[in-house]
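The block underneath contains the structure these notes are about, expressed in structure tokens.
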Number of protein chains: 2
Amino acid sequence: LSDKEQSIHASWEDNAAAWVEAIHQGRIESRVQVTNAAVVSAVREVARARVLDIGCGEGWLCRAAAKVGLAAVGFDGSAALIAEAEKLGGGEYQLLSYDDFAADPFRAGGVFDTVICNYSLLGEDVLPMLRGAAAVLEPGGRLIVQTLHPLSAVGADDRYEDGWRVEDFSGMGSGFKTHMPWYFRTIGSWISQIRLSGLQLVECREPIISERPMPASLLLIAARPSDI
Amino acid sequence: LSDKEQSIHASWEDNAAAWVEAIHQGRIESRVQVTNAAVVSAVREVARARVLDIGCGEGWLCRAAAKVGLAAVGFDGSAALIAEAEKLGGGEYQLLSYDDFAADPFRAGGVFDTVICNYSLLGEDVLPMLRGAAAVLEPGGRLIVQTLHPLSAVGADDRYEDGWRVEDFSGMGSGFKTHMPWYFRTIGSWISQIRLSGLQLVECREPIISERPMPASLLLIAARPSDI
């Protein structure tokens with residue numbers, strides 16, 4: 001793991017309680033207004049029976065999937081978040097690092113018709129995770145990746161190019177102890193990573209909050225080339 | 001043709017002389033600085049022998065293709081621009097409306113290993129043109145679409161959503177007599193149109209001018225699903 005990727009991991013442990021609180025209280029406006037619904041809607045459209053939530057955190061998306069009749073399996077690298085997920089239930093949860101998943105994707109729980117990465121690919125090297133996701137997709141399966149939309153994440157002083165940024169969790173409530181590095185990726189770069197993983201892009205959605213001019217997220221749906 | 005699409009066609013006839021002058025004088029900064037080189041570079045990478053330039057205008061891209069040893073065929077719906085292209089040479093040019101191409105794509109000149117739409121899909125209904133392009137692609141062929149990058153085309157008062165806009169040709173020199181309606185399309189919408197045409201996205205490039213923060217164009221490369 002690079003220093004930055006270790007910092008991402010450490011920040012989730014440090015901020016787990018604050019994050020759980022932010023999710024429970026609906027403190028992340030874009031999630032409440034549009035991106036939670038966008039990913040749940042995509043899952044409902046493509047999932048058939050069993051979904052894997054990569055970087056499931058405290059498990060809200062597994063619980064949402066369970067509510068619509070899906071068997072949900074989630075893993076996360078944060079022990080604190082997995083403990084919370086197990087407390088809240090709704091799915092089958094596992095403490096599993098991204099490196100361990102990449103090394104042997106099947107240990108997350110076999111194969112799935114839908115694999116979801118909802119704001120959970122935060123590092124520079126996402127390819128091992130995407131390849132792992134591709135490996136555990138059943139025939140006809142779909143990968144759903146939701147992430148920050150580059151349009152929303154480019155500030156006045158930023159260039160539109162791949163690179164590390166810092167999340168300070170401002171506006172998400174108190175209790176966040178540690179800033180988190182995250183890797184900004186252009187749309188072209190996301191599409192390239194998906195293709196390098198052996199999958200093929202099926203759809204690119206850009207959910208938008210009705211009062212805002214810019215899309216709140218980028219939601220990519222991909223499949224094996226033989227399945228489209 | 002819709003009223004707007006008729007206006008696009010009429011504007012090219014009205015503005016042909018001013019457009020030819022703007023191209024010859026290098027008055028469109030983004031083209032001179034990055035987007036001309038971006039499309040020529042993509043053509044050099046993917047083309048093998050024979051390329052079709054849809055909406056070739058006065059033919060600069062056909063001439064650039066000819067310079068690197070490719071046989072270039074171009075068509076355009078503007079008689080004035082095709083007359084200029086024929087005067088300047090470098091390719092095989094044809095006056096052909098988009099509707100006539102869509103109705104029988106092979107009349108543009110058979111099949112091609114590369115089909116290019118360089119800022120030439122300006123209307124709302126691009127699917128008949130993309131389907132035509134797909135129809136004339138040889139096995140292993142590639143479609144290259146370069147267009148305005150939505151990031152560069154979203155002003156402070158605009159929403160990021162498909163819809164008609166107006167090009168006033170300001171900053172491109174004098175002599176432009178008629179404004180041109182054009183259809184703004186989100187990245188998700190471009191990707192969807194390509195998929196609906198039966199092609200599959202291979203790559204999404206976002207050429208950037210080094211001193212500017214935002215990409216100057218969106219360059220999509222697509223192929224038949226069986227060819228990737």
Side-chain angles (χ1 to χ4, degrees), chain A residues 30 34 38 42 142 145-163 165 184-228, chain B residues 30 34 38 42 142 145-163 165 184-228:
Chain A
S30 59
V34 68
R142 292 289 184 267
V145 175
Q146 184 167 230
T147 185
L148 276 165
H149 197 291
L151 265 164
S152 299
V154 177
D157 299 328
D158 298 321
R159 273 179 69 82
Y160 182 77
E161 63 187 7
D162 285 13
R165 308 275 176 91
F184 175 88
R185 202 175 284 284
T186 64
I187 293 180
S189 173
W190 275 112
I191 290 173
S192 162
Q193 293 296 311
I194 282 175
R195 191 164 153 75
L196 288 169
S197 78
L199 296 177
Q200 191 63 47
L201 187 67
V202 175
E203 205 180 328
C204 162
R205 300 183 185 180
E206 298 170 294
I208 195 159
I209 298 174
S210 55
E211 318 84 63
R212 298 276 177 86
M214 293 298 133
S217 72
L218 179 68
L219 192 153
L220 304 172
I221 303 177
R224 289 222 189 80
S226 53
D227 285 335
I228 55 176
Chain B
S30 59
V34 68
R142 292 289 184 265
V145 175
Q146 185 168 227
T147 186
L148 278 165
H149 197 291
L151 264 164
S152 299
V154 178
D157 299 330
D158 298 321
R159 272 178 69 83
Y160 182 78
E161 63 187 6
D162 285 12
R165 307 275 176 91
F184 175 89
R185 202 176 284 285
T186 64
I187 293 180
S189 173
W190 275 112
I191 291 173
S192 162
Q193 293 295 311
I194 282 175
R195 194 167 150 75
L196 288 169
S197 78
L199 296 177
Q200 191 61 48
L201 187 66
V202 174
E203 206 181 327
C204 162
R205 300 183 185 180
E206 300 169 292
I208 193 159
I209 297 174
S210 54
E211 318 84 65
R212 299 276 177 83
M214 293 298 133
S217 72
L218 179 69
L219 193 153
L220 304 173
I221 302 178
R224 288 220 189 80
S226 53
D227 286 335
I228 54 175

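This is a predicted model, so every value here is computed, not measured. Below, chain A is the first sequence line, B the second, and so on; all start at residue 1.
- Against chain B, the residues from residues 201-209 of chain A that qualify, each with a non-hydrogen atom under 4.5 angstrom away, are A:Leu201, A:Val202, A:Cys204, A:Glu206, A:Ile208, A:Ile209 in number order.
- Taking CD1 from B:Ile191 and CD1 from A:Ile221, the interatomic distance works out to 11.5 Å, rounded to the nearest 0.5 Å.
- Of the residues considered (B:Ser189, B:Ser192, B:Pro215, B:Pro150), B:Pro215 shows the highest number of contacts with chain A, using heavy-atom pairs under 4.5 Å.
- Note: A:Ile187 leads A:Ile187, A:Leu218, A:Thr186, A:Asp158 in heavy-atom pairs under 4.5 Å with chain B.
- Listed by first and then second residue, the side chain to side chain donor-acceptor pair (under 3.5 Å) pairs involving residues 214-228 of chain A are A:Gln146-A:Ser217 (not counting sequence neighbours).
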